Amino acid sequence: MKARNKKIIIVDDDLSVQKILTEKLKCEGFECFGACDGKEALKIIRKEKPDLILLDIVMPRLDGISVLKIIKKNKDTRKIIILVLTNLSSSHTLEESLKAGVTDYLIKADYTLDDLVRKIKEKLHC
Amino acid sequence: MPTSALNKKEGSARGLLGRRPDVCLDIFRSSRDAVILADGQGRVLDWNKAAEKIFGYKKTEVLGKKFHNLIMPGKHKADYFKGMEEFRKTGKGKFIGKVYEVVALRKSGEKFIVELALSAFKMDGEWHSMGIVRDITERIKREKEGLFEKEKYEQIIRNAVDGFWLVSAAGFLLDVNDAYCKISGYSRKELMGMHISDLDIEDGPAAIKKQIKEIKKHGHLRFEKRHKRKDGRVIDVEISATHLPADKGRFYTFIRNITEIKEFREKLKNAAKFPEENPDPVIRVKKDGEIIYSNRASARIFSQLKKENKGKAYWLKTIKDSLKDGEIKTKDIEIGDRIYSFKIVPVKRTDYVNVYCRDITEERKTEELFLQTKEDLRRAQAVGNIGSWRLGLESGRLLWSDENYSIFGVPKGTPMTYGKFLEIVHPEDREFVNREWQEALKGKPYNIEHRIVKKDKVRWVRERAELEFDDRGRLTGGFGTTQDITEEKKIEEERLAQKARYEAIIRTSIDGFWIADVERDGFLLDVNDAYCKMSGYSREELLRMKIVDLEARETPEEARRHFKKIIVQGSDRFESQHKRKDGSVFDVEISASYLEGGEFSVIIRDVTERKELDRSRREFVSIASHQLQTPLTIIRWYIERLQDEKLGKLTNEQKEYLAEVRQSATDMTKLVSDLLNVSRVENGRLKIELEPANFKDLIKEIVEHQKKRVKADKCKINIEAPGSLPDVPVDKSLLSQAIGNLIINAINYSKPDDCRVGVKIRKKSQKYIISVQDNGIGIPKTSQNRIFEKFFRAYNAQRKKTRGTGLGLFITKKILEAAGCDIWFESEENRGTTFYVSIPLKGMKQKKGEKQIGT
């Protein structure tokens, strides 16, 4: 599996979400890390240097958009593929994310697990 | 008697008749005078031929008869008889031997004067008489005449008013009368012997001589001269000189002092010019129509009258009547375009009239104009309900026009005084009115409104007056107008009441209110308390500010452009933000109107709270949907994982159960998503973003996507579209959702074993039409009118296993309508349904909002 060695960070304050996603992705051969809020996310990102980030928006301490902006500002982390994964369907958030340089904006409600995996593989070219 | 036959020798003492008595008889017979011989009794003894001629009796008739019975008139008889006695005795008598004049009687009875010479002679011893009678009638007559003439003339001359001269052939005054003495001032003595040239101031003796020659030549001459009076005064005289060749070439001259007359004549000449100078015709006409006199100006009138055929006959009656009545008659006649007034004036004690003619066209016009003006004034007053009055000072009476009486409800013509007027004034206003009037009498302008009581009703009147004063400030008169303004007042009161109402509304309104100047960046002309409260500024402060100072969202330039837009549209409603005094900003909803006259009327509603509410609601919906979606997502994903059987194999039943749970979760997810969209669409927060899209490609994409979603591989979806279609600006995701929804419905409600869906794209003149057709269960007629309602599902759809939320069509319709498109359908139960969507040729309508990102 080409997915080996691809690191994905799942940023979501809902542990259940983290759990199921990690489980599914691990099964697909990805290496997964989880973060519950923005600050934690940044720490892990700096440490693990992932290939892709699944980023929720509504989070305590530091929200997704801010994280996104910070990641994109840092030249070390700028190139990481970021997929916003949220149930927030506001166009305002979408615009901001796109402005901040997000790779894609996914609404949880629209995706099955398989859809997600396909999307991730597509973005990682594997 | 000739004495040639005398013989001196032969009895010259006896004379001829003594010697030849036969000659006596001849003389007796041939004498022209009557010779009568009579006896002492008076009996005629002889009677000659002359007697026959003179008295008319033949000799035979008178012989032997007493002559005093024949030829003596009664008058003389008494004297005769008296003398007779004496005569018979003595032969002497009073009348014997004398010649005297007596009156005699002819046979015809005519009395005439005779000269009688009576003598007596004795014959046969008795005394006899002989009378020689001469008829001196002619002589008497002549003498009388001569005497008469002379006397006459003497009297005339003596009593003449005119002066009289008897002038010698050389020009010397021989005799003058008293009148000339009076005229000249000289006495008779002084004048006698004067020469004409002494009195004539112009002519000297030589000239007089010449003049005398002239008079001689013509026999009679009349001329005017100037004479000098004794006192030196010069007088004008008229001379009438007659030459008397028989009377030693003398002249008799009458001199008339014509000084006064001359003056008078001058005056008269001038006076006579008078009618000629009159530009109007002056004519004197006799009773029978004959024109005695007409001045120069009459000629014009005559010619015109002739043209109008108003000749003599037309005038005669009037003239006759005028003379008869002794009254002036007037006739006004139109001649051409002028009007003439003829005044026929009878002249007393004559048979003629004077006719004076005057062109009264202008007068008439003025009169008519005056009457017209008067009538217009009356009408104007009636129409305008304005009455007028005049103050006549002498009487203290108020002279009212008809309309004035009408306004006050007083019978026309009632004599009015100030006191009476006051009685009509409303009791409460009397003091005011009287005060104003007293002030007016002192010169203050009088312009008041007050009430009156007219026939028990209260009316309002407006009074204006102009009082007239002389130089010393004393009142000489006045003129005023009255207008019933009751209606006006009512309207005014109504208007004021309404104004008060609106002012109250604005004053007590919770919303802010402005009146602003269109110019000067919206300079505030008026604001209400509510806005002061909203903005934190005081009224005084605000009235020094402009709209651009308060507008926080638009720049001054944008604001100015917005003003223009409001002027053009007439009004606008929009949201904005304003700056408070403390610098904070608050949300407002503006409703602005442009008022004729260059002002904006603006209502400002502070929508901070509402916006907050909106935001809260939006947030709530967002958060709610977000919060709802999260657990749903987890349910789905965990079940998916279970279904993967990576956590353990499943029995068929377990798989079934899991499928049910997953489906419900999916349904709920859709419902929550739909609810969010409904919320957005209902609150107008739907964003419509356009980009050019190719319908064909788009539809294909949608079809593919939907097919996959509902896993309807068995379904045959056919797409029909014209060869080439231009790219149309649409919101792709919205259109996808709309058409997608229709396709899903078509698939879901199709016959399960024969699923056929037809999608057609057509280009019409004004729009594109996309239709989605199925051959499914159709929409029952009873449900058709509710198909677009929220949560509505037709009963036959509900029966089907498909789980619809009932929101799909509602959302679809709302979205499409917001984008300027239309949706409708045709359906028959159990046959199929076709939904149509029309999109304008120029594409969807762009709209600001929050984009709905949906499935």
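By convention in this document, chain letters (A, B, ...) are assigned in the order of the sequence lines, proteins followed by strands, and residues within each chain are numbered from 1. Since the model is a prediction, treat every value here as computed from it, not as a measurement.
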Residue A:D12 versus chain B: region with a heavy atom under 4.5 Å | neither

Can you establish whether the number of heavy atoms outside A:K72 located under 6.0 Å from its atom NZ is more than 12?
-> yes

Flag, side chain of B:E640 to backbone of A:L113, donor-acceptor distance under 3.5 Å = yes

Would A:N87 and B:S625 satisfy side-chain contact (heavy atoms from CB on, under 4.5 Å), going step by step from the backbone distance to the final call?
-> CA-CA 8 Å; A:N87 264 319; B:S625 85; over 6 Å; no

Do other residues, nucleotides or ligands put more than 12 heavy atoms under 6.0 Å from A:K123 NZ?
-> yes

Roughly how far, to the nearest 0.5 Å, is the NE2 atom of B:H626 from the CG atom of A:D56?
-> 5.5 Å

Worked verdict on A:D14 versus B:I634 for side-chain contact (heavy atoms from CB on, under 4.5 Å) | CA-CA 10 Å; A:D14 192 329; B:I634 293 178; 3.3 Å; yes

Assess whether atom OH of B:Y657 is packed by more than 12 heavy atoms of other residues, nucleotides or ligands within 6.0 Å.
-> no

Is atom CD of A:E96 surrounded by more than 12 heavy atoms (other residues, nucleotides or ligands) closer than 6.0 Å?
-> yes

Top contributor to chain A contacts, counting heavy-atom pairs under 4.5 Å, from B:L628, B:V672, B:T630 = B:T630

Atom group of B:L647 that falls short of 4.5 Å from chain A, counting heavy atoms | side chain

So, B:Y638 side chain and A:S16 main chain: donor-acceptor pair closer than 3.5 Å or not?
-> yes

Is the number of heavy atoms from other residues, nucleotides or ligands within 6.0 Å of NZ (A:K24) greater than 12?
-> yes

Look at atom NZ of B:K655 and say whether more than 12 heavy atoms of other residues, nucleotides or ligands are closer to it than 6.0 Å.
-> yes

Chain A interface, residue from B:R636, B:K646, B:R662, B:R641 that has the most non-hydrogen pairs under 4.5 Å = B:R641

Between the main-chain N or O of A:Y111 and the side-chain N or O of B:W637, is there a donor-acceptor pair closer than 3.5 Å?
-> yes

Does atom CD of B:E609 have more than 12 heavy-atom neighbours from other groups under 6.0 Å away?
-> no

If you count heavy-atom pairs under 4.5 Å between each of B:T633, B:T669, B:L632 and chain A, which one has the most?
-> B:T633

